[in-house]
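Below is one structure, written out as structure tokens, with a few remarks after it.
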Amino acid sequence: MSLKLYNTLTRTKEAFEPIDPAHVRMYVCGPTVYDFAHIGNARPVIVFDVLFRLLRHIYGADHVTYVRNITDVDDKINARAMRDFPGVPPVEAIRTLTETTYGQFQADVAALGCLEPSETPRATEHVETMVALIERLIARGYAYEAEGHALFHVPAMPAYGALARRSLDDMIAGARVDVAPYKRDPMDFVLWKPSSADEPGWPSPWGRGRPGWHIECSAMSLATLIEPFGGGFACDDPLKNTFDIHGGGIDLVFPHHENEIAQTCCALGTPQMARVWMHNGFLQVEGEKMSKSLGNFVTIHELLADWPGEVLRFNMLKTHYRQPIDWTVRGMEESWRVLDDWYAATADAGPGTVAPTVVEALSDDLNTPKAVAELHGLRSDPAALAGALRLLGFLADTPAEWAARRPAASVDAAAVERLIQARLAARKARNFAEGDRIRDELAAMGVSLKDGKDSATGEPVTTWEVKR
RNA sequence: GGCCACGUGGCGGAGUGGUUACGCAGCGGAUUGCAAAUCCGUCUACGGGGGUUCGAUUCCCUCCGUGGCCUCCA
């Protein structure tokens with residue numbers, strides 16, 4: 001079975017072939033770290049984690065490089081840093097803010113069962129590469145300097161708009177572009193902009209300033225996925241100046257990814273920045289657009305207080321990554337029920353191999369809902385179910401740890417045990433009325449019972465758990 | 001205004017030009033002292049209207065609805 005991925009560039013599902021057959025290179029746009037990440041931010045992180053795991057499964061763990069950047073220079077970050085750290089030098093202030101925020105992000109996504117990417121470069125550590133890229137673009141006639149800014153000249157690149165399938169005419173018809181006086185063309189976008197004294201800034205041939213948003217991804221992918229593999233400024237082999245997969249949210253298609261492509265392709269002289277462009281769909285909350293004004297802006301951190309990370313992960317993967325998701329409490333409850341069942345079913349399972357049907361489903365453009373259906377089909381084969389679940393990033397808990405994630409509320413375990421013993425005694429005496437009364441009493445405490453027999457002695461035994 | 005997605009049974013959610021998705025819930029049965037858990041079985045569907053076709057949920061057009069991008073955004 002071969003891996004097929006939907007490519008936004010061609011709007012079709014294509015057979016995936018890495019440029020280097022023995023090594024896959026993937027770049028995903030990471031978080032802008034100025035505040036807690038919300039559940040929408042979690043979607044690409046989880047989706048591309050599954051792809052990372054699948055690629056490692058297919059090509060081998062040492063044959064995949066997954067880069068997810070950290071955007072730690074941005075006007076929202078600047079504003080937050082100035083608010084929170086007044087009087088601190090700006091570059092230092094944003095570093096402090098972004099260190100903290102990224103730490104929160106890491107904790108969140110680890111709880112969601114996501115592997116650490118191979119590399120997590122920070123924009124502020126690649127400013128020199130950004131400057132070098134911009135210099136190259138200016139030297140090659142694709143960019144120009146104006147009033148302390150460096151700007152990419154969009155009309156210089158005939159292929160501009162290919163990813164978003166948008167012609168320059170369409171864009172001008174939209175007429176929502178910022179027309180600054182120093183722009184040669186309304187569509188030109190900023191590569192570098194000047195910083196005031198209280199804004200973070202770095203030296204450059206165009207004066208002290210900071211990068212535009214898009215250039216950082218061109219620089220970091222160049223530094224992590226192209227140069228270490230033989231490409232770069234000194235290389236004029238287009239294939240060496242290309243990597244395999246670039247991912248992110250669908251909202252990034254335009255302008256962010258379009259501009260990344262423009263910068264990288266024009267600077268490195270390659271017709272393609274990445275071969276495959278993948279974009280995850282958007283998320284709504286309880287049927288409504290998530291927004292701070294509606295009050296339904298929900299962070300990963302908040303959700304993790306009430307729900308196991310694996311419940312959030314499973315809830316995300318029940319839907320195909322390109323489909324819209326409606327994120328609901330009801331959905332999370334159902335996800336939890338299913339995982340409860342699988343944790344119970346795999347409690348005694350050994351290390352299982354991964355069922356081909358699951359890999360096959362995932363290999364069809366990451367069809368996780370299909371994979372979930374296959375998982376249900378493995379319900380009676382604990383080892384196979386466990387193996388497939390682990391491939392997907394589940395079963396990080398032991399069964400006991402998992403069970404303990406149900407809020408135990410104020411249940412007194414010793415008292416529950418006493419009541420259960422009393423009930424067992426009553427039942428043994430065939431006093432079923434008393435036994436049922438005790439069961440009702442426990443139910444009122446939120447405790448549900450599961451009766452069984454000891455497989456060795458045949459004696460009745462009762463286990464219990466707290467139901468919400 | 002321009003461009004682009006999506007709309008499947010009570011709910012979640014795949015897929016397909018003619019054949020059971022799957023799960024949750026429900027219902028029926030087995031089991032149980034009665035239940036719970038488990039196992040077996042089972043009902044409900046493809047937004048509206050046209051068209052193409054022997055036949056469309058699946059292709060085309062259109063309408064309605066929801067969402068995205070065009071400005072920061074996963």
Side-chain angles (χ1 to χ4, degrees), chain A residues 8 11 28-32 34 37-48 68 71 74-77 79 161 164-167 169-178 187 189 213 247-258 279-284 287-291 300 314-328 330-338 340-342 344-345 361 364-365 367-377 379-380 426-428 430-433 435-436 439-440 442-443 447-453 460 462-465 467:
Chain A
T8 306
R11 313 281 156 122
V28 173
C29 289
T32 300
Y34 70 101
H38 57 68
I39 188 63
N41 294 311
R43 193 168 190 189
V45 177
I46 293 171
V47 162
F48 291 105
R68 186 182 63 215
T71 298
D74 160 274
D75 287 346
K76 281 197 291 280
I77 293 173
R165 301 246 169 138
R166 210 174 281 215
S167 71
D169 289 346
D170 288 342
M171 292 183 259
I172 289 159
R176 290 174 74 172
V177 286
D178 176 28
M187 287 308 300
F189 60 89
W213 175 37
I250 187 127
D251 57 319
L252 297 182
V253 172
F254 193 90
H256 185 55
H257 289 164
E258 196 71 60
H279 295 96
N280 62 272
F282 250 55
L283 175 150
Q284 285 183 273
E288 287 185 310
K289 179 177 176 167
M290 182 165 62
S291 75
I300 304 169
F314 184 70
N315 202 236
M316 200 69 87
L317 296 178
K318 280 198 305 192
T319 303
H320 183 83
Y321 76 94
R322 286 191 279 120
Q323 291 291 109
I325 287 190
D326 187 15
W327 191 269
T328 63
R330 184 172 177 163
M332 287 187 283
E333 283 168 348
E334 185 184 315
S335 295
W336 200 336
R337 250 193 305 272
V338 171
D340 273 346
D341 182 51
W342 285 344
D364 182 14
D365 191 34
N367 193 338
T368 52
K370 183 74 162 31
V372 168
E374 300 296 345
L375 250 26
H376 285 295
R379 179 64 174 70
S380 56
R427 289 177 68 212
K428 196 166 186 179
R430 301 198 65 81
N431 184 354
F432 296 118
D436 292 352
R439 184 170 65 203
D440 291 344
L442 283 164
V447 173
S448 69
L449 303 181
K450 201 186 287 187
D451 288 337
K453 278 183 181 170
T462 298
T463 57
W464 61 281
E465 62 182 356
K467 287 283 185 197

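Small disclaimer: the values here were computed from a predicted structure and weren't measured. Naming convention: chains lettered A, B, ... in sequence-line order (proteins, then strands); numbering from 1 in each chain.
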Query raised in the report: Using a cut-off of 4.0 Å on non-hydrogen atoms, how would the nucleic acid contact of A:G377 be classed: base, sugar-phosphate, or nothing?
Result: nothing
Query raised in the report: Ignoring hydrogens and geometry, is there a side-chain-to-backbone donor-acceptor pair from A:N280 to A:Y321 under 3.5 Å?
Result: no
Report task. Measure across A:S335 and A:N315 and return the closest heavy-atom pair with its distance rounded to 0.1 Å. Result -> OG-ND2, 2.8 Å
Report task. Please report, rounded to the nearest Å, how far the P atom of B:rC70 is from the CE atom of A:M187. Result -> 11 Å
Report task. With the side chain of A:P369 defined as its heavy atoms from C-beta on, choose the nearest nucleotide among B:rC70, B:rC6, B:rG13. Result -> B:rG13
Query raised in the report: What orientation do A:F314 and A:W342 show, parallel under 30°, tilted 30 to 60°, or perpendicular over 60°?
Result: perpendicular
Report task. Would you indicate, yes or no, if B:rG13 has its OP1 or OP2 atom less than 4.0 angstrom from a side-chain nitrogen or oxygen of A:T319? Result -> yes
Requested in this report: Starting at atom CH2 of A:W464, determine the distance to atom C1' of B:rA37, rounded to an integer number of angstrom.
Outcome: 17 Å
Query raised in the report: Does the side chain of A:K76 pick up a donor-acceptor pair with the side chain of A:T32 at under 3.5 Å?
Result: no
Report task. Check if the side chain of A:D436 and the base of B:rG33 share a donor-acceptor pair of N or O atoms closer than 3.5 Å. Result -> yes
Query raised in the report: Is A:R430 atom CZ crowded by more than 12 heavy atoms from other residues, nucleotides or ligands, each under 6.0 Å away?
Result: no
Query raised in the report: With nearest nucleotides of RNA chain B determined for A:R430 and A:G287 from heavy-atom distances, which residue corresponds to the more 5′ nucleotide?
Result: A:R430
**Report entry** Pairwise C1' distance, B:rU53 and B:rC59 [rounded to whole Å]
**Finding:** 10 Å
**Report entry** Whole-angstrom distance between B:rU16 and B:rC22, as gauged at atom C1'
**Finding:** 15 Å
Requested in this report: Look at the side chain of A:R439 and the base of B:rA35, then say whether one donor and one acceptor between them are separated by less than 3.5 Å.
Outcome: yes
Query - Upstream residue (5' side of RNA chain B) when A:A433 and A:G30 are each assigned their closest nucleotide - result: A:A433
Requested in this report: Specify the separation, in whole Å, of atom CE of A:M316 and atom P of B:rA74.
Outcome: 13 Å
Query - Rounded P spacing from B:rG33 to B:rG41 in Å - result: 25 Å
Report task. Could you tell me which non-hydrogen atom of A:Q323 sits nearest to which non-hydrogen atom of A:T319, and how far apart they are? Result -> CB-CG2, 3.7 Å
Requested in this report: Could you tell me the separation between the CD atom of A:E258 and the P atom of B:rU71, rounded to a whole number of Å?
Outcome: 13 Å
Report task. List in chain and number order the residues that pass salt bridge (charged side-chain N to carboxylate O under 4.0 Å, His left out) with A:D364, two or more places apart in sequence or in another chain; answer none if no residue qualifies. Result -> A:K13
Query raised in the report: Which nucleotide in the set B:rC6, B:rC70, B:rG68 lies at the smallest distance from any side-chain heavy atom of A:P255?
Result: B:rC70
Report summary line: A:Q284 has its side chain closest, among B:rU66, B:rC6, B:rA74, to B:rU66
Requested in this report: Classify the nucleic acid contact of A:L283 as base, sugar-phosphate or nothing, counting any heavy atom under 4.0 Å across all strands shown.
Outcome: base
Query raised in the report: Is A:F282 stacked on the base of B:rG68, meaning ring centres closer than 5.5 Å and planes within 30 degrees of each other?
Result: no
Query raised in the report: Within this structure, what is the CZ-to-P distance between A:R427 and B:rA35, rounded to whole angstrom?
Result: 13 Å
**Report entry** Non-hydrogen atoms of A:G30 and A:R68 that approach each other most closely
**Finding:** CA-CG, 3.7 Å
Report task. Looking only at side-chain atoms of A:N41, point me to the closest of B:rA74, B:rG33, B:rA14. Result -> B:rA74
Query raised in the report: What pattern of brackets, bars and dots sums up RNA chain B from 5' to 3', given Watson-Crick or G-U wobble pairs under 3.5 Å, [ ] for crossing pairs and | for another strand?
Result: (((((((..(((.....[...))).(((((.......)))))....(((((..]....))))))))))))....
Query raised in the report: A:N367 near the nucleic acid: base, sugar-phosphate alone, or nothing, with a heavy-atom cut-off under 4.0 Å?
Result: sugar-phosphate
Query raised in the report: Hey, does A:G40 reach any base, or is it just sugar-phosphate, or nothing, if we go heavy atoms under 4.0 Å?
Result: base
Query raised in the report: Below 3.5 Å, does any donor atom in the side chain of A:D451 face an acceptor in the base of B:rA35, or the other way round?
Result: yes
Report task. May I have the distance from A:H256 (atom NE2) to B:rU71 (atom P), rounded to whole angstrom? Result -> 15 Å
Query raised in the report: Just how far, in rounded Å, is P of B:rA5 from NE2 of A:H320?
Result: 15 Å
Query raised in the report: Is a salt bridge present between A:R330 and A:E334, judged by a nitrogen-to-oxygen distance below 4.0 Å?
Result: no
Report task. In plain terms, say whether A:R439 and A:D436 are close enough for a salt bridge, that is, a side-chain N and a carboxylate O under 4.0 Å apart. Result -> yes
Report task. Respond yes when some side-chain nitrogen or oxygen of A:N315 is under 4.0 Å from OP1 or OP2 of B:rG12, and no when none is. Result -> no
**Report entry** Minimal non-hydrogen separation, A:M290 against A:G40, with atom names
**Finding:** CE-N, 3.9 Å
Query raised in the report: If you look at every heavy atom in A:R43 and A:G281, which pair is closest and at what distance?
Result: NH1-O, 3.0 Å
Scan nucleotides 23-28 of chain B against the protein and return all N/O pairs shorter than 3.5 Å with their distances rounded to 0.1 Å.
{"from": "B:rG23", "atom 1": "N2", "to": "A:E334", "atom 2": "OE1", "distance (Å)": "3.3"}
{"from": "B:rG23", "atom 1": "N2", "to": "A:E334", "atom 2": "OE2", "distance (Å)": "3.4"}
{"from": "B:rC24", "atom 1": "O3'", "to": "A:R337", "atom 2": "NE", "distance (Å)": "3.4"}
{"from": "B:rC24", "atom 1": "O2'", "to": "A:R337", "atom 2": "NH2", "distance (Å)": "3.1"}

Query raised in the report: In whole Å, what is the span from the NZ atom of A:K450 to the P atom of B:rC39?
Result: 11 Å
Requested in this report: Determine: side-chain N/O of A:K318 to OP1/OP2 of B:rA14, distance under 4.0 Å, yes or no.
Outcome: no
Query raised in the report: Looking at A:R379, does any N or O in its side chain come under 4.0 Å of the phosphate oxygens OP1/OP2 on B:rC22?
Result: no
Query raised in the report: Can you tell me how far C1' in B:rA14 sits from the matching atom in B:rU8, rounded to whole Å?
Result: 10 Å
Query raised in the report: When you compare B:rG18 with B:rG23, how far apart are their P atoms, in angstrom units rounded to a whole number?
Result: 23 Å
Report summary line: Closest to the side chain of A:K76, out of B:rA36, B:rC22, B:rC72, is B:rC72
